[in-house]
Amino acid sequence: MSAAYDAEFIVVGSGPAGVSAALPLVEAGRRVLMIDGAQPSPLPSTDAGRPSWQRMLGAELAALRPDDGLSPKLRTPVALDVVGGFRRWAEVSEDKFFAAGAMARGGLSQVWGGFVSEFDQDDLRGWPFGADELAPSYRAVGERIGISGSTDDDMADFYGNAAPVQPAPPIGPTADAILQRYARRKPREDFALGLARNAMLTADRGGRLGCDLSLACLWGCTRGAIYDARQDLAALQRHANFAIRDGLTAMRLAPALHGWEVETAPGGPPLRAQRLLLAAGTLGTLRLVVPLLKVGKTVLRLLNSPLMAMPLLVTRRLGQPPATRGYSLAQLGFRFRYAPAPGDYVTGGIYETVALPPSSFAARLPLGRRAATTVFRALAPAIAIATVYFPGRCSANLVTVDLTGGAVRLGLRGDVSDDFDATASLVRRRLNRIWHGLGARPLPGATIAVAGTDAHFGGLFPMGLDAAQGTSRFGELNSAPGVYLVDGALLPTIPSKFTTFTIMANADRIGRHLAGAA
Amino acid sequence: MAPRLVVTGASGYIGARLVARALAHGCEVVALGSKPARSTVATVPWRLGEPPRLTAFVGATAVIHLAHDWASDRLNGDGPGNANMVGAELLARTMREAGVPRFIFASTTSARPQALNAYGRIKHATEERLRALPRSDGRILVARIGLVYGGPERAQYGLMTQLARLPVLPMIALDREVQPIHLDEVCDGLLRLALDPPAGRSPVVLAGAAPVTFGNWLRLMRRARHGRRVALVPMPLGLALAGCAVTKAIPFLPTVERERVLGLAGAAPMASAADLAALGIVPRDPARALADCRPARRRLIAECAAMLRYAAGAPVRSPGAVIRLARVVRDDPAFCTALPAALRRWPALMRLFEPIRPSMTHGLSRRLHLAAMVVESLAGAQAAPRPGAAAVLRELLLEAVALPFRLVLGRVYS
């Protein structure tokens, strides 16, 4: 290897995909340089001593600045920082779309919901490889991040069984009431319910502590129970053949002799490697890859999972005391098949609301503030929120790319497929009936979120697509050999399942392939 | 060595602040005339129109001439005997004899030969006399100062703050354009002229770069300071001048100077943006600067405490919470809610004013939303007892009673 290279591999981005691709390379002794637009940020474990208002509002009160109607998860100080930094860098214009990306150490994993599920053979239809090729990577990544849930309920097989699973933490009383009703009723083919499967430790492991049910998940787990890519980064940094450059934002990729060069900002040196691995997050990678396609203007298709939130009132829980311990990640997970074709199902989680801020719910009730807060706080022990994710093909977002004049201009327009409205209302109606049967009365106010807030992206540069914007089965960009994509940008399709775990497993798979290649 | 400044009118509205800022800047100050209050600066006794003692100017970098003798204006008008014109010229001649490099003369944006007010005509005539002095170029600098606001409530600004208390205000010249500039900006501009003047600029205009009508200025002042609207009643000039005479005759009314009325009536804007830029002055937002006063701060704190109380349903005994809410509300572009005193006193009445259609972006519903978030973020908020069925019923009943009120009153702060 020539000294003209800064490393064999440059990985752009420190999120779940970046660390997953880097780990097998580093463990195989390859020289890897990671660049990250953000400065190192301490894990939330250092937050434990801060006053509660600082954790919930931010030292600079960021959470109190204008509310654009986002979910409570995206309104926390950490989320505003993580997502806000990205939106400033990417300079994309948004139309009925929320450009969720991260310019932060650890990427979106700082604020993710922790839901993990493996894609099965049906989910991988249209992919250039099958489930058996992903299984070893699911296992490796699962072992690393720590997963808890059930291995013997109705959802266990659906979530997959390649990765090891710790026992689930005790679920809250509201979720428990629903699950008990489910256990007693006649099984049906189209609907399954079980414990959620989360990347959350219930037993201590390594430097991370198991969940202590402190109800504070939303503002950053101070015990490190919930997986955060910064934990893997710490492991990577113990290797001598791994280095990370902080605060360097990749701006442009250019071919160099036998390799690639990354131009960085602000005023950073160009960095060279034989191969580049892009893990900047789907939208970040989009911004870096588009100039390599050498088109003036073009339009790309971007998949996301349209997301519906349904508030439920578990009548049995009315008047009961609220849980004083618990966690605010999903407690239950479900799958509902709305049509016979293999991909025609929706999934989602059921969340308890006791640990969520009442203000964000009270604001949406058609009552005065005092009455709304009182009513919500009285009802909260009986309220659950079901999130429903639709398959990626229900989305019809467009990315307009304009490279004329040397600048990169990206426009994101959120849209849904022609049959989505019909599908959504069918799903809503039929799920409502199912919730009813489980003792959970659907409340008015079910909403479809702005496209992009789900942050389940894919379909931009599909693996196995034989076109300029396609990539090989190992993510190598057809129009730029030596540039590998390892994040959500290369998923050929996205089912209704949560994508992060699969993105990580696929990055691991590509990392292993490159580690083994000459 | 610290630069030495000789200041006349050092006890006045501008002078006192200028001296304080000059001292903070590391300058040495000699007050010529009366001593600024609570200051320890060296003072050389002197009266405008008298020849000053030469020793006062030894080693000085500049003379900043702010003093103005209103009595002489009344006595002599703009005739040649006016102490202001004679005094300024005497001062300028003496300082040149003493070898002081610069003389800064505080003039006005109403300085015009045909100004309606004697003050404008006198300032203009004085400018002319100073300019006629031999070798005055680059040594005698004229600063034409606009409508100064901020700082202690004295002088013209003091009068305006009093006017801003009135809910109904008969006023002349509502459509005349004035150029408000903050007191600190004026002082910094004068100091820059004295210590390091940009070349080739005299007269410089120290006045707001974007003129506003006087009516809008009064509205802004009332809104920022008291959070209220003002009903401005246009008034003919003749009536206003008659009114000036009346205010003088009746005790305990704020007297309105005829001169000030005429000054307003004759106001005409002068371009100032280039001068401000050359002096390195970045004007602050007047709405925000005006709100940085005691009544506005007190009102804000009281309002935030009331909103927190309403949102929490119980008194919030955390000063930190009040301050956090106040910080955000203060920085909100749609700043003013200005709840009536009754709502501050009995926050429960806010229920009657809540808009039917809540908005997360402005108005009372947004404020209450923020207040609720602040309440939730307090330690122990999670553990607060859950309301029972009785509390819910009571709230819903009250809600039903409040509904007709909200339909009408809800529009006030929506």
Side-chain angles (χ1 to χ4, degrees), chain A residues 50-70 72 75-77 214-216 218-219 317-326 328 354-382, chain B residues 307 310-313 318 320-321 324-325 327-329 331-333 347-348 350-362 364-389 391-392 394-400 402-403 406 410:
Chain A
R50 288 170 70 201
S52 68
W53 72 264
Q54 279 196 16
R55 298 193 53 213
M56 293 171 75
L57 304 178
E60 292 305 314
L61 305 177
L64 297 181
R65 307 298 168 180
D67 184 345
D68 28 19
L70 299 175
R75 294 285 323 147
T76 64
S214 67
L215 285 172
L218 198 62
W219 294 279
R317 287 279 302 146
L318 277 173
Q320 302 287 312
T324 50
R325 301 175 68 228
S328 56
V354 276
L356 302 178
S359 58
S360 53
F361 295 96
R364 282 152 184 86
L365 293 182
L367 292 172
R369 174 58 60 155
R370 267 292 283 286
T373 310
T374 309
V375 168
F376 178 77
R377 291 197 67 235
L379 295 184
Chain B
M307 288 190 282
Y310 176 67
S318 157
R324 288 193 278 282
L325 182 60
R327 262 176 67 193
V328 183
V329 171
D331 293 346
D332 200 319
M350 279 186 210
R351 188 191 296 275
L352 307 179
F353 287 84
E354 279 199 71
I356 293 284
R357 236 177 244 266
S359 154
M360 283 308 96
T361 48
H362 67 288
L364 185 61
S365 35
R366 168 161 165 76
R367 296 294 151 76
L368 292 176
H369 182 56
L370 297 177
M373 289 179 76
V374 170
V375 170
E376 277 161 19
S377 72
L378 294 170
Q382 290 261 356
R386 297 271 157 182
V392 172
R394 181 175 152 265
E395 281 298 328
L396 291 178
L397 255 168
L398 286 171
E399 190 73 2
L403 191 65
R406 288 174 62 196

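Order of the sequence lines sets the chain letters (A, B, ...), proteins ahead of strands, with each chain counted from 1. FYI, side chains are in, hydrogens and waters are out, and symmetry mates aren't considered; it's all heavy atoms of this structure. Keep in mind the model is a prediction, meaning the values are calculated, not measured.
The parts of B:Ala384 that come within reach of chain A are both its backbone and its side chain, each placing non-hydrogen atoms under 4.5 angstrom from that chain. Of the atoms belonging to B:Pro355, not a single heavy atom falls under 4.5 Å from chain A. Heavy atoms closer than 4.5 Å to chain A are found in both the backbone and the side chain of B:Arg324. Neither the backbone nor the side chain of A:Pro321 comes within contact range of chain B, judged by heavy atoms closer than 4.5 Å. Only the side chain of B:Glu354 comes within contact range of chain A, with at least one heavy atom under 4.5 Å from a heavy atom of that chain. Contact of B:Ala379 with chain A is made through backbone and side chain together, with heavy-atom distances under 4.5 Å.
With a 4.5 Å cut-off on side-chain heavy atoms, A:Leu367 and B:Leu396 count as touching.
Minimum heavy-atom separation, A:Gly368 to B:Arg406: N-NH1, 3.4 Å. Shown here for B:Tyr310 and A:Arg370, the closest heavy-atom pair between the two residues is O-CD, 2.7 Å. Smallest separation of non-hydrogen atoms from B:Met373 and A:Ser359: CG-OG, 3.4 Å. Of all heavy-atom pairs between B:Val392 and A:Ala378, the closest is CG2-CB, 3.4 Å. The two residues B:Ala372 and A:Arg369 come nearest to each other via the heavy atoms CB-NH1, 3.7 Å. Contact record, A:Pro357 with B:Glu376: CB-OE1, 3.1 Å, taken as the closest heavy-atom pair.
Listed options A:Gly319, A:Pro381, A:Ala362, A:Ala371 were ranked by heavy-atom pairs under 4.5 angstrom with chain B; first place goes to A:Ala371. When each of A:Leu215, A:Leu318, A:Val354 is checked for heavy-atom pairs under 4.5 Å with chain B, A:Val354 comes out on top.
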